[in-house]
> 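Dumping the structure here so I can ask a few things about it.
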Amino acid sequence: MRDDEYLIESARVLVVGPATWLEAFTEALETRTDASVHAVETAGQALETVRRESIDCLVTEYTLVETTGVELVKRIRESTTTLPVLLGTTAGSEAIASEAIEAGVTDYVAVTEPLEATGDELVDRTERALRSAQRTITRRERARQFDAVFHDTQTATWILDPDGTLKRVNQTAREMIDAEVDSIIGDPFWTLPWWAHTEAHQRDIRHLVEKAQDGRFGTAVVSPPPAAETQRVIDLSVRPVENERGDLVSIVVEGIDITSQVDLERDLRRSEELHRVTLNNMTDTVLITNEDGEYTYVCPNVHFIFGYTADEIRAQGTIETLLGTDLFDREELAANGVLKNIECTVTDKAGREHTLLVNVREVSIHDGTLLYSCRDITKRKQREEALATLQETAREFLYAETHQEIAQHIVDDVSSVLDLTASAVYRFDVDANELRPAAYSSTMTDLHGPLPPIHTDDETLPGHCFVNDETLIFDDVHAADRLENRATGLRSTIYIPLGHHGVFVVGSDDVGAFDAVTRELADLLAATAEAALDRVTRESQLREQDRELQRQNEQLTALNRINATIREIDQAIVRAETQDEIDHTVCERLTDNDRFEFAWIGTVDSTTGTVEPRAWAGDEQGYLDSQSIAVAPTGAEPAGQTAATGDVTMVTNVAADLRGDPWRSDALTRDFMSVLSIPLVYNDLTHGVLTVYADTRDAFDGTAQAVLTELGETIASAQSAIERKHALLTTSMTRVTFTVDDPTYLLSRLARTAECTLSYRGGVQRTMDGDYVFLTVDDADVHGVAETAAELATVDEVTTIHADDTGGVLRLRLSQPFLAVELADHGVVFRESTADPTVATLVIDVPEGVDVRTITQLVRETLSPIELQRKETLEQAAERDLYSRVRETLTDRQLEVLQTAYYSGFFESPRENTGEEIAETLEISPPAFYQHVRAVQRKLFTTLFMERSVPTVAPPEGG
């Protein structure tokens, strides 16, 4: 509508109020406008009129019969919010105006007397109300239209701010991506996940937004990242939205999914291309003629079969010239509509004969009525004949048992399968790394000459074929760079690898003699031969596997047998009470049930330098009496070698080098064919040598050797345990004092570095963290000694237990085992040790039954040099001393607390350190410290009074 047009001219206006009001305002509207005016006096009549008729505007007086105009407005607004309503009153007030506005009036008019004087203003106000209502209705309609467009399920819509950032997006666009859209509101549109996967899309989208910012419309086609497995194509359109002043207020981007159209167009193009390529390249030929046999269509590929061009075919006249006469019965075709697989023979342009299968069907295409589809089956016929021959060859392969037999079959059957006579088969010799001619035809040697072995490398044609597993086909082999025999009469040649077996060669003295059928049949023959060679190889491997399985079963039986022996020996060792019992038990179990021929255990006699037997069992046959087994690293009897080297000695064949070693002849005469000698060593202390003899060669394989070696360790460990047990029960011991001049000895090194005197009085505590020892420091600052000790590599931790003016006590945690621990494993007690900057002494108690010389050697292997200063024999009760019995009742933690308390002066009077101070040193609570001390005291007193049954002394009467 133009600005000079008035809505009131065509409006239907309802006036409500008293008679004077109606008369005045009805006359004003009718005289000044062409509006259609309806007048009623009551609110009820007004509501009825609004419901019944189409009213464009309502004008009401505030004062109505039985109600007010404001109440009428409220009733009107219950049913419509768009109808413009004017409220007029002669008794206006701010309260009425506020009430009217709250009720939803469009305009409020304060009427003055006389009423006719307000006519012009009433008309103007009514016109404005109508225009306002129309604008509201228009805006709402546009909003509904926009919402309908925005929520279109077929169109993705994005609303952007003028700067190009995302403001709003509909559900269709949301479903295109997996991202949470609310998190990207306010981001530049071209950086959002719809396009961020490619830089090209980002550039295109940004260009579109910039066009819209310039007030221009733009389009683009993009592919957002697929939300599912399929990729979609979106056609985007961008348009600017301007206000009435021409300012850009927003940018609307709409996207329509055109994936199906794009796919359809692509499929159509592919179909057209496929049709064109198919017609030009398929080997079948299609011809269409009329009833007279004249061509109406000739397929472009007609030359594939006939050698003629389409124009040359048309120039021949009718199809009978090409396919011959009487190809089919026209009445039979009419009855069936199609005739299939009519076989005929034709001659191509070059004079070659072809066998065809022709299908004929009735059609109605332009002027054509008969469609001929021709398929050349010449090669198929040839292939069928060759395959029949190849099947017979495959049957022959089934009965071949050797690779050589199969190679000869290949050469013999080439002429019948491939219609060629020059062939050869090279077999791969793994040991020589050569391809050796295994079979060849006479024609091959006539054309090529003798076939020498060929080194397996990349320099020759057979070698290249085999190494690279690659079939080589030459129309003229003389053009090949790797041809080794330039004088060969072969021209067309094929080299086919036979897997890891070798190479098959077939050739002809003609250039270009191989067609596709020949090549295919050569591949089939080679594949059949390779399968036969694989079969023979597998059967050979299976036979070898059977033999290996039998050997493994025998080894398993032997292993089970020796394991059973070891279990019996372990059980017997556990029950043994003496070393002699252990020695005899081991020898007897090893020779029971003919397990081994002979076994004995010997000890080195340092005086004579020989190994002296101390236990034996089995079929000895006087062997030990015939030998003086010297301790020597080479040439000696196996027991002597093991005693000299400390290593396992194994002789797999006694008969070998029979003249070199005298002991071998004595062993061989007693059917001792193989020997195994094992050192009995535990914690670096040797307890003798175990030697076992068998009546077969190679009787001791790797498993048996490992098991028997472990048995040697078990025997030595058991003997050490016996020694420790005897040490606890013995009534006599030897106290040995050594002087040590080894600078690596812990006490010597620490005393020399700290310039002090150190004493160890026994009591090593072994934990998972290391060995704890207590050292007494004399004539030095104990804290300085502690700092020096902390710098030693073998000391992990230093704790000052007690300190005074003359020295103190340190507790060291060592990273390596202390000598006292190694000696204790053999029942020997490291009684004490003292060291000053110049010399160190050791005092060791060796129980009766433990060889002092052996212990001396153990100490010498640990510390060197040492010098024996004094050796004396001490007697002690057969029953264990109080310390031993109390020590057995204490836990490691209790012993640690007790030692720390003792060396800290806790039991001195007055106490040098309190329980709280000692607890802090031990990193425990004071209550825990006192609990440990009381527990130790309780165990000590229990041992004194309960185990010894010491009677308590009754107090005197009256006491």
Side-chain angles (χ1 to χ4, degrees), residues 154 221 230 233 235 256-385 387 515-517 520:
Q154 303 299 319
V221 177
T230 58
V233 181
D235 184 7
I256 299 176
D257 191 337
I258 60 171
T259 306
S260 58
Q261 295 93 314
V262 171
D263 291 344
L264 183 61
E265 292 176 1
R266 182 178 60 251
D267 292 344
L268 181 59
R269 287 193 298 271
R270 288 178 178 174
S271 178
E272 292 175 349
E273 179 67 18
L274 178 63
H275 178 69
R276 182 170 58 257
V277 171
T278 301
L279 287 179
N280 287 331
N281 294 282
M282 70 178 184
T283 56
D284 288 1
T285 293
V286 176
L287 305 168
I288 301 177
T289 69
N290 57 22
E291 288 294 336
D292 296 330
E294 297 171 344
Y295 296 104
T296 60
Y297 174 79
V298 177
C299 185
N301 69 345
V302 68
H303 61 282
F304 283 163
I305 296 178
F306 300 100
Y308 298 104
T309 65
D311 292 338
E312 290 173 337
I313 292 291
R314 292 178 183 276
Q316 291 181 4
T318 64
I319 198 170
E320 291 181 351
T321 305
L322 189 66
L323 301 181
T325 59
D326 299 328
L327 181 65
F328 64 94
D329 187 330
R330 187 67 181 81
E331 293 182 357
E332 184 181 0
L333 176 61
N336 297 320
V338 60
L339 299 177
K340 296 183 177 180
N341 298 330
I342 303 172
E343 186 171 324
C344 67
T345 302
V346 300
T347 304
D348 64 12
K349 186 176 181 179
R352 295 185 295 264
E353 285 192 349
H354 296 261
T355 302
L356 304 184
L357 283 182
V358 181
N359 294 341
V360 185
R361 74 173 60 244
E362 292 183 327
V363 295
S364 178
I365 302 175
H366 297 298
D367 297 329
T369 58
L370 298 175
L371 183 146
Y372 299 79
S373 61
C374 307
R375 172 166 298 177
D376 191 345
I377 62 168
T378 305
K379 294 180 180 178
R380 185 203 298 176
K381 298 283 284 187
Q382 296 173 354
R383 187 184 299 110
E384 289 174 353
E385 295 172 357
L387 287 176
D515 57 14
V517 173
E520 180 183 358

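All values reported here derive from a predicted model rather than from experimental measurement.
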> Under 3.5 Å, side chain of Asn290 to main-chain N/O of Asp292, donor-acceptor pair present?
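At least one qualifying donor-acceptor pair exists.
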> Is any side-chain heavy atom of Leu356 less than 4.5 Å from a side-chain heavy atom of Leu323?
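When only atoms from C-beta onward are counted, Leu323 and Leu356 do touch, with a gap below 4.5 Å.
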> Taking side chain as C-beta onward, heavy atoms only, is Tyr372 less than 4.5 Å from Leu322?
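Heavy-atom side-chain distance check fails, nothing below 4.5 Å.
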> Tell me, do Ile365 and Tyr297 make a side-chain contact under 4.5 Å, heavy atoms counted?
no
> Just by modelled atom types, is the Ile377 backbone N or O under 3.5 Å from a matching donor or acceptor in the Thr355 side chain?
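A pair under 3.5 Å: no.
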> Would you find a donor on one side and an acceptor on the other, under 3.5 Å apart, between the side chain of Asp329 and the backbone of Glu331?
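Yes; at least one donor-acceptor contact below 3.5 Å.
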> Let me see the working for Thr378 and Asp376 under side-chain hydrogen bond (donor to acceptor under 3.5 Å, both in side chains), right down to the final yes or no.
CA-CA 6 Å; Thr378 305; Asp376 191 345; 2.6 Å; yes
> Please step through side-chain contact (heavy atoms from CB on, under 4.5 Å) for the pair Tyr308 and Val298, ending with a clear verdict.
CA-CA 11 Å; Tyr308 298 104; Val298 177; over 6 Å; no
> Does some side-chain heavy atom of Leu371 sit less than 4.5 Å from a side-chain heavy atom of Val286?
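Counting from C-beta outward, Val286 and Leu371 do come under 4.5 Å.
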> I would like to know whether Thr345 and Glu353 meet side-chain hydrogen bond (donor to acceptor under 3.5 Å, both in side chains); could you show each step before the answer?
CA-CA 7 Å; Thr345 302; Glu353 285 192 349; 5.7 Å; no
> Heavy-atom distance under 4.5 Å between the side chains of Phe328 and Leu370, does that happen here?
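With C-beta onward as the side chain, the pair touches.
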> Is the backbone of Asn341 close enough, under 3.5 Å, to the side chain of Asn359 for a donor and an acceptor to pair up by distance?
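Yes; at least one donor-acceptor contact below 3.5 Å.
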> Is any side-chain heavy atom of Asp284 closer than 4.5 Å to a side-chain heavy atom of Arg375?
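When only atoms from C-beta onward are counted, Arg375 and Asp284 do touch, with a gap below 4.5 Å.
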> Less than 4.5 Å apart, side chain to side chain, heavy atoms only: is that true for Leu357 and Glu343?
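A side-chain contact under 4.5 Å exists here.
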> Report yes if some heavy atom in the side chain of Asn301 is under 4.5 Å from a heavy atom in the side chain of Thr285; otherwise report no.
yes
